[in-house]
Student: 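Below you will find the structure I want to go over with you.
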Amino acid sequence: MTYALPKWTAESSEYRPDRYYRYDHLTELLHRWVSENSDILSIESIGKSWEGRDIWALTLTNPATGPHDQKPAYLVEANIHAGEVTGEATVLWLMNYMLTNRDSDPVVRRTIDQTTTYFIPAINVDGMDAILNGFPNDIRSSRRPFPDDQKKPGMHEEDIDGDGIIRTMRVKDPTGPWKVSPHDSRLLVKRAPDEIDADADYYYLLPEGMIEKWEGGAVSLAPSILGLDANRNFPTDWKPYWHQGGAGEYPLSEPETRALADFLIAHPNIHGSQHFHTYSGCILRPHTQFAFSELAELDRNVLDAIGKMGTEETGYPCISIFDDFAYDKKKPTTGNLMEFMFDYIGAIPFATELWDLPGKAGVKVTDFIGFIKDHDPEIDAKILKLVDDELGGEGFLAWTPFDHPQLGAVEIGGYDQRYTWQNPPGVWLEEVTAPNARFVLRAMQTAPRIAFRSLDVTSLGGGNYRVTAEVQNEGFLPTHVTQQALKTQFLKPIKAALSLPDGGSFATGTGEREIGHLSGRANQYGFLTWSDGYPIDSRAKVEWVVSSPNGGEATLTVTSTKAGTISERITLA
């Protein structure tokens, strides 16, 4: 079956900030960017999706200043949920900005020279492509049927009027719980508990679709056969699908999540990450399982400091998932990617819920979950007026009579949810992508970065030398990034290794020294005031006494999992 393409879908691979990109055009665009910037940008497939598409990952860094995996790195990814296509658009905006301004913007130039950025524009490429090709069914993540491929009894979403958009059906019935809003006749409001008016019109609301195995009577809402949620499929506190909807048969059961997890574990240099979702207009920070106050003080300070930069750029509040964004604190979400980054990879992650239609209409929301459940009907009227005024008839369909094959006379209408509430229409897209991309660029600057503060060779006579080096962390984050990261098995202490020329030897010990970890500026936050002062614990000194009768060149290499690798040649003379 052929479906109508959404109006805001790109018609080619030419980059436009007001369009969403289907998989084929995305692939063409990414490969063209790589060919045009091959000195700093590379692309690889990290695995295949369930339907066999490549999942693209791009690496942006300057190889002339060191290999990508020997620099601190930042991960930017999107579309773990199929319909949240604003995420893909935000990744592309950021990539385009960095590539276009690689020489003119000193922040971009420094970022490319000193660090690495890994971009994954879309994880669940099958579902994303289906959505952007007009596929009307609700796809949470993957196209793989789960937990089975049999339709359950009840109402299944379907584009029965053929306009390419699943809207809402209203069914007139004197027992219905909804009535026409006094603020706008196209909107509906809840009927009061004591309201009985024989002359009023009342309605039931159903998603547009057909009822499976129905012979009259009650109409249930059937679960989607495409119910996998890849953001519940990661190992962190994973729970089975009968406890956590969409979680899959076991952790990393899906090819997409397995590919991503393998990529992350192979890149322990990642110090931070941004995960794009929609919608609500807020920046989410760990943790999902317990209150923000239970995190280590350093981790709270770091998340607060970086989150404030996000608020400065976007206007979005930075909030804790458990404290401020939990549907049910007694049953918190499990198996999500952000906690995998924090708990396993030892990075500082943020998950931004892009786009805020009420905010665009001038409505400030502070209780995000509460707003979804209930809000003042006047707000609905204000939002609809915005859609009317700025979208030229797009976004909302007035109630239109339709002869339903099972229910008889119904009306179909309401929002194009996909491109009003879930994602902005193209004309508003860059208002969302640009500030959120700027936040990511700022977050990249917090990387821990080791450097030589000093490096000296002193001749002791007789072909003996003292080699002394002082290593410093020049970044905001400590070299271990978080207290949580110290628990991960692949975060090793900083090591300094001195290799000698032929014939050289060490007076005592070996050429390798462990430095431990070095604090960054983040460790300067605490209970003390600025006038009390803070320790300088971002530096470490390391020293060797060596014998090299013929002099020559030695090489000192310092390695940190997340702060990079530095190396310097030393003349023994």
Side-chain angles (χ1 to χ4, degrees), residues 1-3 6 20-24 26-27 45-57 77-85 87-88 120-159 166 207 209-210 212-213 221-264 275-278 333-340 418 422-423:
M1 183 180 293
T2 301
Y3 301 103
Y20 298 101
Y21 285 79
R22 290 172 284 166
Y23 179 80
D24 288 347
L26 172 67
T27 298
S45 171
I46 63 172
K48 297 282 188 180
S49 68
W50 185 71
E51 291 185 330
R53 292 178 176 85
D54 286 301
I55 304 169
W56 300 118
E77 65 81 17
N79 267 113
I80 197 167
H81 292 144
E84 299 175 0
V85 291
E88 177 215 45
I120 304 179
I123 295 173
N124 270 290
V125 290
D126 297 343
M128 179 205 73
D129 195 55
I131 292 295
L132 291 175
N133 274 293
F135 187 80
N137 292 69
D138 183 31
I139 310 170
R140 179 62 169 162
S141 288
S142 171
R143 292 268 294 200
R144 183 172 80 88
F146 179 84
D148 57 58
D149 59 0
Q150 300 300 311
K151 280 189 174 182
K152 299 298 187 289
M155 177 66 73
H156 288 264
E157 294 186 2
E158 188 176 332
D159 176 27
I166 292 178
M210 297 292 292
E212 185 76 9
K213 297 180 181 178
L221 301 181
S224 172
I225 64 172
L226 301 177
L228 275 170
D229 188 338
N231 206 32
R232 305 292 183 266
N233 191 234
F234 288 86
T236 314
D237 298 308
W238 182 86
K239 297 290 192 301
Y241 64 87
W242 54 85
H243 176 91
Q244 176 68 73
E249 289 91 347
Y250 51 86
L252 305 179
S253 60
E254 305 311 302
E256 295 87 356
T257 55
R258 171 68 69 174
L260 180 57
D262 287 345
F263 178 84
L264 296 175
H275 312 274
F276 287 126
H277 296 258
T278 63
T333 58
T334 61
N336 70 78
L337 174 57
M338 186 170 74
E339 304 304 348
F340 183 76
R418 189 74 69 196
Q422 187 178 34
N423 301 283

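This structure is a prediction, so every number in the text was calculated from the model and none was measured.
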Student: Nearest 0.5 Å, what's the CD-NE2 distance between Glu84 and His275?
Tutor: 13.5 Å

Student: So, Asn133 side chain and Phe135 main chain: donor-acceptor pair closer than 3.5 Å or not?
Tutor: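 No, the answer is negative, given that no donor and acceptor are paired below the 3.5 Å cut-off.
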
Student: Are Asn231 and Leu337 side-chain neighbours, meaning at least one heavy-atom pair lies under 4.5 Å?
Tutor: yes

Student: Kindly say whether Leu228 contributes a backbone atom to a donor-acceptor pair with the side chain of Tyr241 at under 3.5 angstrom?
Tutor: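 No, the answer is negative, given that no donor and acceptor are paired below the 3.5 Å cut-off.
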
Student: Going by heavy atoms in the side chains, are Pro145 and Trp50 under 4.5 Å from each other?
Tutor: yes

Student: Taking C-beta and beyond as the side chain, do Glu339 and Asp237 meet within less than 4.5 Å on heavy atoms?
Tutor: no

Student: Just verifying a value: how many Å separate Ser224 OG and Lys152 NZ, rounded to the nearest 0.5 Å?
Tutor: 10.5 Å

Student: Please identify which of these residues, Val85, Asn124, Asp129, Val125, meets the side-chain contact (heavy atoms from CB on, under 4.5 Å) condition with Asn79.
Tutor: Val85

Student: Side chain to side chain contact (heavy atoms under 4.5 Å, CB included) for Ile166 and Glu158? Distances and angles first, verdict last.
Tutor: CA-CA 6 Å; Ile166 292 178; Glu158 188 176 332; 5.6 Å; no

Student: With a 4.5 Å limit on heavy-atom distance, are the side chains of Gln422 and His81 in contact?
Tutor: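 Side-chain contact under 4.5 Å: no.
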
Student: Which value, rounded to the nearest 0.5 Å, describes the distance between Ile120 atom CD1 and Glu256 atom CD?
Tutor: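 Here the rounded value is 12.0 Å.
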
Student: Counting only N and O atoms by type, is there a donor-acceptor contact under 3.5 Å from the side chain of Asp149 to the main-chain atoms of Ile225?
Tutor: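 Here the side-chain-to-backbone pair does not exist.
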
Student: To the closest 0.5 Å, what do you measure between CG (Leu260) and CD1 (Ile46)?
Tutor: 5.5 Å

Student: In this structure, which one of Arg144, Arg143, Arg22, Arg53 forms a salt bridge (charged side-chain N to carboxylate O under 4.0 Å, His left out) with Asp126?
Tutor: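 Running salt bridge (charged side-chain N to carboxylate O under 4.0 Å, His left out) over Arg144, Arg143, Arg22, Arg53 with Asp126 returns exactly one hit, Arg53.
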
Student: Working to the nearest 0.5 Å, report the span between CH2 of Trp238 and CD of Gln244.
Tutor: 10.0 Å

Student: Relative to the ring of Phe340, is the ring of Phe234 parallel (under 30°), tilted (30 to 60°) or perpendicular (over 60°)?
Tutor: tilted

Student: Would a 4.5 Å heavy-atom cut-off, applied to side chains only, mark Lys48 and Asp54 as touching?
Tutor: yes

Student: Are the side chain of Asp229 and the backbone of Ala247 linked by a donor-acceptor contact shorter than 3.5 Å?
Tutor: no

Student: Quick one: CG on Leu226 to CD1 on Ile139, what's the gap to the nearest 0.5 Å?
Tutor: 5.5 Å

